2 protein chains.
Amino acid sequence: MTVSRSLNQPETVSPATRRRVLAAVDELKYVPNVVGQGLRHRRTMVVGFVVSDVSNPFGVQQIQGVSRAARAQGYTVVFAITDGDPDEELRQIRALAGRRVDGIILSPVYNTPDAVEFSQGQGIPIVVIDYAMPQNDVDVVRCDTREASRELTRYLLNLGHTQIAMLSGNEKIVTAVDRAEGYADAMREAGMEPDVTFGDFSVEGGAKGTESLLRRTEPPTAIVTGNNFIALGAAHTARRLGVEVPSDLSIVTFDNARTDMVLDPFFTGIVQPVMEIAEVATDLLLDRILGRFEGRGRTRILQTQFEIHNSTSEKLTDKQRSLRKPT
Amino acid sequence: MTVSRSLNQPETVSPATRRRVLAAVDELKYVPNVVGQGLRHRRTMVVGFVVSDVSNPFGVQQIQGVSRAARAQGYTVVFAITDGDPDEELRQIRALAGRRVDGIILSPVYNTPDAVEFSQGQGIPIVVIDYAMPQNDVDVVRCDTREASRELTRYLLNLGHTQIAMLSGNEKIVTAVDRAEGYADAMREAGMEPDVTFGDFSVEGGAKGTESLLRRTEPPTAIVTGNNFIALGAAHTARRLGVEVPSDLSIVTFDNARTDMVLDPFFTGIVQPVMEIAEVATDLLLDRILGRFEGRGRTRILQTQFEIHNSTSEKLTDKQRSLRKPT
DNA sequence: CTGTTAGCGCATTCAT
DNA sequence: ATGAATGCGCTAACAG
């Protein structure tokens, strides 16, 4: 009817009726039904964001980034939280497909191809963040986590450490493997034997792994941890066992929280441009939604940052140590 | 058609056809269009969550809580972030109304009644969290922040402090006023003059306020801060000015992050059961959505927790001080 | 047990 | 410049 025109193409309607319509709209507090519009236009102006974990500050910033970028383009975002369960991930993606979202941004649990395939099979554009998806032809926005891990390990090597262990997350998760491999790269380059333990991306996982490392007859003097939770567990455990960080044990990590949120940033480690990842991903997605781009999957690799704080120190010989910290 | 029945009321259709239908569904990868269902049923199975700030860990946990509780009941959640702008808040609520969400949970910017009125005027049930809304007849889930603030201030008084200042947030925000009043209550009870500065709920706000407090000829020995951001700014500024926390200056606060996310929880203060607030709010909302309750607004006040960490110490006399910390 | 009719709210198309 | 017809995908109600 004329109402629709008055609201969507005001020029095509006479000023007089337009005024009358707008007055009535105001009077009746009429709000156009976007569901109806969606049905008619076959687009919902909604994008879905599937993320495994929001308890991690990492996930939070992604939410902010996607949310901001999407809103700027007039899109609404619905979030689906998978709690790290791949079945739930697929279920959530089905649900989004049912809602006929115009596109999906996925931070996958594992790098299995099913979720992406499903979405693409439904004709819904999808962009993956954080992980490479070798089995899918899909847009990916991520950092080179393996290279970052190598850099991180080299930093410890340069400090003189030789007993460096790696405590990573669940071996099924790509990130855990990538970071372990970057560490292994650096170790082998330095002519040393990698020493990797896969566990769990959690405080408990970090605590458990660290305990067995420190109980060895020759414990490591430095640990590369797979993420901030593991680092936290490691630091707690070290303290509990009377091992001082950083003087007795250096710890480096990934995915630190924003440093402006803590009084004393403690962990030295790699920081990812989380917000930017989310924004770039949203842009790539909108390219496809709006038909500005069609073609094979694009990959965008963003730079990480290396932040030095207080969880690392030079490796001291026993002699140096006894001099500096007399009993 | 029969497809609909096969999927929604499988009993009412013969096993044979049902099998055929399900086979076809599988074959064609058919996913029912929830948008169409929404139009037909006049319900979308979506609830909106309007929150002002997600950079605060506080907001994050609320997201988790709402998300979990809603999902458990089969509802999807769309998040709307207002960045603390009341105009944006109203705009987002209009947008949610346009999407015909079945209900709204609102963590308001100010306690102006417009947003709630609008939502209720549209026939959309709404529940407010965190703040009292004296001008609206609406369900509210919150803590007694004024009482908590009183308790917090008493703690400082019991430590022997007499020069206690309060650094709160934007005076337009209810929380800022409530917390200031709780502080003032405790001070007056103890026969002292309240000393409140309203500023901004941010690190910068805390820094600025603390600087002018500490530059006084008789600076306070303790500060009650309006939230964790202000506390952070206060601690940074104190350190910059060579004032040691907690020995020279005690700081207490509200809305700390989960203590399992930091290595050394530093600030003594009030912790709200954020997740629980979100869950209770979702329950109240579903009561109304599902018609299980209609009537005047209900209020649920949840208990806060008081956590003691390392940002406070007893007030020492100058003599005591010189004894303990010889120059 | 299955098919038909009709309408949820909207906007494109065509007719006036 | 406005109105009428039509269909987006779905299901309640009614026929068969």
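A, B, ... follow the sequence lines: proteins, then strands. Residue 1 opens every chain. Everything quoted here is computed from the prediction, not taken from an experiment.
For C:dC8, neither phosphate oxygen OP1 nor OP2 lies less than 4.0 angstrom from any side-chain nitrogen or oxygen of A:N33. Under 4.0 angstrom from either OP1 or OP2 of D:dT2 there lies at least one side-chain N or O belonging to A:S14. Residue B:T17 places no side-chain N or O under 4.0 Å from the OP1 or OP2 atom of C:dC1.
Within 6.0 Å of the CD atom in A:E11, the count of heavy atoms belonging to other residues, nucleotides or ligands exceeds 12. Counting heavy-atom neighbours within 6.0 Å of B:R296 CZ, excluding the residue itself, gives a total of 12 or less. The number of heavy atoms from other shown groups lying within 6.0 Å of CZ (A:R298) is above 12. For B:Q73, the CD atom is densely surrounded, since the number of other residues' heavy atoms within 6.0 Å is greater than 12. Residue A:R71 qualifies as enclosed at atom CZ: its count of foreign heavy atoms under 6.0 Å is above 12.
Between B:N8 atom CG and D:dA13 atom P there is a gap of 14 Å when expressed in whole angstrom units. Atom CD in B:Q9 sits roughly 11 Å away from atom P in D:dA13 (whole-Å rounding). Between the CG atom of B:L28 and the P atom of D:dG9 there is a distance of 14 Å, given to the nearest Å. Between A:M45 atom CE and C:dG9 atom P there is a gap of 22 Å when expressed in whole angstrom units. Separating the CZ atom of B:R100 from the C1' atom of C:dC10 is a distance of 11 Å, rounded to the nearest angstrom.
For the helix from C:dC1-D:dG16 to C:dT16-D:dA1, the terminal axes (five pairs an end, C1' atoms, rotation from four pairs onto the next four) enclose an angle of 50°, given to 10 degrees.
Between the side chains of A:Q135 and A:N111, no donor-acceptor pair of N or O atoms lies under 3.5 Å. A:Q62 and A:D130 form a side-chain donor-acceptor contact under 3.5 Å, judged by distance and modelled atom types alone.
In this structure, B:F201 and B:D255 have side chains that are not in contact, with every pair of non-hydrogen atoms separated by 4.5 Å or more.
Nucleic acid contact class of B:T12 (heavy atoms, under 4.0 Å, all strands): base. Within the 4.0 angstrom heavy-atom criterion, no nucleotide atom of any strand lies near B:E11.
Evaluation of atom-type donor-acceptor distances gives a pair under 3.5 Å for the side chain of B:R5 against the base of C:dG3.
Here the shortest heavy-atom pairing between A:F79 and A:S67 reads CZ-CB, 4.3 Å.
Within residues 34-42 of chain A, the residues that place at least one heavy atom under 4.0 Å from DNA chain C are, in residue-number order, A:G36, A:Q37, A:L39, A:R40, A:H41.
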